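To start, the structure itself, in structure tokens.
Quantities reported herein were computed from a predicted structural model and do not represent experimental measurements. All chains are named by letter (A, B, ...) in the order of the sequence lines, taking the proteins before the strands, and each is independently numbered beginning at 1.
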Protein chains: 2
Amino acid sequence: MALLDTVVMRGLSSQGALSPEDKALLLGLELSPRQMSASEVLWLESADADLFCVVKEGWAYSYRNLKNGSKQILKFYLPGDIIGIRDFGFTRRLASAVMINEGVIYPFSYQQLFELFGRSNLAVGIMATAIRQQALLSERLIYLGKYAAHEQLAHFLYEIYLRLKRIGAVEDNSFLMPLTQELISDALGMSPVHVSRTFSMLREEGLVIRDRQHVQLPDPEALARLVEFNDSYIDEFLPPTFSELLRATP
Amino acid sequence: MALLDTVVMRGLSSQGALSPEDKALLLGLELSPRQMSASEVLWLESADADLFCVVKEGWAYSYRNLKNGSKQILKFYLPGDIIGIRDFGFTRRLASAVMINEGVIYPFSYQQLFELFGRSNLAVGIMATAIRQQALLSERLIYLGKYAAHEQLAHFLYEIYLRLKRIGAVEDNSFLMPLTQELISDALGMSPVHVSRTFSMLREEGLVIRDRQHVQLPDPEALARLVEFNDSYIDEFLPPTFSELLRATP
DNA sequence: CGCGCCTTTGATGTCGATCAACCTACGTGG
DNA sequence: CCACGTAGGTTGATCGACATCAAAGGCGCG
């Protein structure tokens, strides 16, 4: 359970890239769920790094505290995401991780991952997960660099929209987003007030309707055009050629 | 040759985490060098992704073109770095990659990587490389978010300094940096003029002396303090516990 | 020597930060 | 059931960091 629920593993599986033994190995991990309350801390920056977490229910985020007292959010984690991959290969956490609302997570240790690495196909899956995270980070970086606030926010919302859509959490172009404007401001590196103004701007243009946690994108395509969104880095699981290579390699 | 020259693999090797067979496998890859001229393109955004490149000599960078005509540089690659890991797991390149000055690279295909994945220890090494890149990206993201121009530039220079130092390319606190201010501006998301002004500011404070490609940091520690640099994400190769786990796992 | 690339310096404009007040929804306890 | 407190959100006024435009000063190279 749980690791197979991961976004990437589901993709691998649906492409027939996982052998029965691979699946058995994943299932054999025997992860035990842990109930988390809102704002509960998974770990703090520079704590010892020794495990990952698969998010089953709820949202979480990772962040770093800054000198000036504010913080920079690196990523929001939705159900199906793996938290902690960033720190794999380091002795200590590079960022803190905290739940946003209540939820359920499945922790699993580095040691368990090592066992999976014995099977090359799974190594590829884990690797792909890590790379995908990096892709999300790159996109954010690009938008932080030279884009105006409304473009950043639009891009951010569209990313969330796509990620929720692929786990079936979007209906009628609307979804639940348990984020305060302050959290969003910490992610986009702007002030909370400006996030508010920017939401107003997008509302007036008919692109985003938001009431507390309810968000609706009346015309997602228009939004995508505004931000020139290249969805491949979210929609794609693994390239077709990979599945072939994986089946070919013993 | 070449893959063993990689920063991470050298780290792994020095910790005794690579078995003789691992090393043999790496050496057996038989990579052939390719001479590159300045500004030569490795690949363009959305080209088919099918290989990596180990940088042997010279500098390179990856970037994305933006709507407004400018570009965002994602990363500068120095000798010992691997270019293209970001795209592994995607069918197409997420960013273009270009040489800065002339140099030598060793291309190797995805297929060759798959063969390495059969050996779990090597999978871990590759994985660690990818994660490390992500860490660099995270740091940049943090600095783009809420920091002033002089802090960003200081952070950028100190990162380059550390990376060059670990490959032995720093002498007397000074090094060669074949970057124009325009390239730096594209990386930091600010205007070229402001990069110039910011360099002046750092010079007046006695933190950075720059003449064309020659950069000297009279007091690296002062710079590190200014940016609260946490070098673990560059200095560290693999945590000691990893080496144990790797030796333990068959 | 003279052309181009890189860099520097000055003047002006603007996007978003900051400070501050107010408003709304919601939960708590009297 | 209402009074109140608190967290989140909106709106206005002011200010500053950086962008942009423009011109001029090195430095290397053909």
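For D:dT10, the OP1/OP2 oxygens have a side-chain nitrogen or oxygen of A:Gln181 closer than 4.0 Å. For C:dT7, neither phosphate oxygen OP1 nor OP2 lies less than 4.0 angstrom from any side-chain nitrogen or oxygen of B:Arg197.
Rounded to whole angstrom, the span from the CD1 atom of A:Ile184 across to the P atom of D:dG9 amounts to 8 Å. The separation between B:Asp211 atom CG and C:dT8 atom C1' is 14 Å, rounded to whole Å. Whole-Å rounding puts the A:His150 NE2 to C:dG16 P distance at 9 Å. Straight-line distance from the NZ atom of B:Lys146 to the C1' atom of C:dT18: 13 Å, rounded to whole Å. In this structure, CD of A:Gln213 is placed 14 Å from C1' of D:dG9, rounded to the nearest angstrom.
Using cut-offs of 30° and 60° for the angle between ring planes, the A:Phe76 and A:Phe156 rings count as perpendicular. The aromatic rings of A:Tyr143 and A:Tyr147 sit parallel to each other, their planes meeting at less than 30°, with 60° as the upper class boundary.
When distances run from any side-chain atom of A:Thr180 to the nucleotides D:dC18, C:dT7, D:dG9, the shortest one goes to D:dG9. Of the candidates D:dT11, C:dT7, C:dG16, C:dT7 carries the atom nearest the B:Arg210 side chain, counting heavy atoms from C-beta on. Distances from the side chain of A:Val193 to the nucleotides C:dT7, D:dC18, D:dT11 place D:dT11 closest. Distance from the side chain of B:His194 is smallest for D:dA19 among the nucleotides C:dT9, C:dA20, D:dA19. Side-chain proximity of B:Arg212 to C:dG16, D:dG26, D:dC18: nearest is D:dG26.
Heavy atoms of B:Val195 sit nowhere under 4.0 angstrom from any nucleic acid atom. Contacts of A:Ser191 with the nucleic acid, taken as non-hydrogen atoms under 4.0 Å apart, include base atoms.
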Check against side chain to side chain contact (heavy atoms under 4.5 Å, CB included), B:Phe52 and B:Phe88: CA-CA 8 Å; B:Phe52 308 90; B:Phe88 182 71; 3.4 Å; yes

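Just one residue in the list B:Val98, B:Asp87, B:Asp50, B:Asp48 forms a side-chain contact (heavy atoms from CB on, under 4.5 Å) with B:Trp43, and that residue is B:Asp87. With A:Arg140 as the partner, the side-chain contact (heavy atoms from CB on, under 4.5 Å) test is satisfied by one option alone out of A:Gln152, A:Glu159, A:Lys75: A:Glu159.
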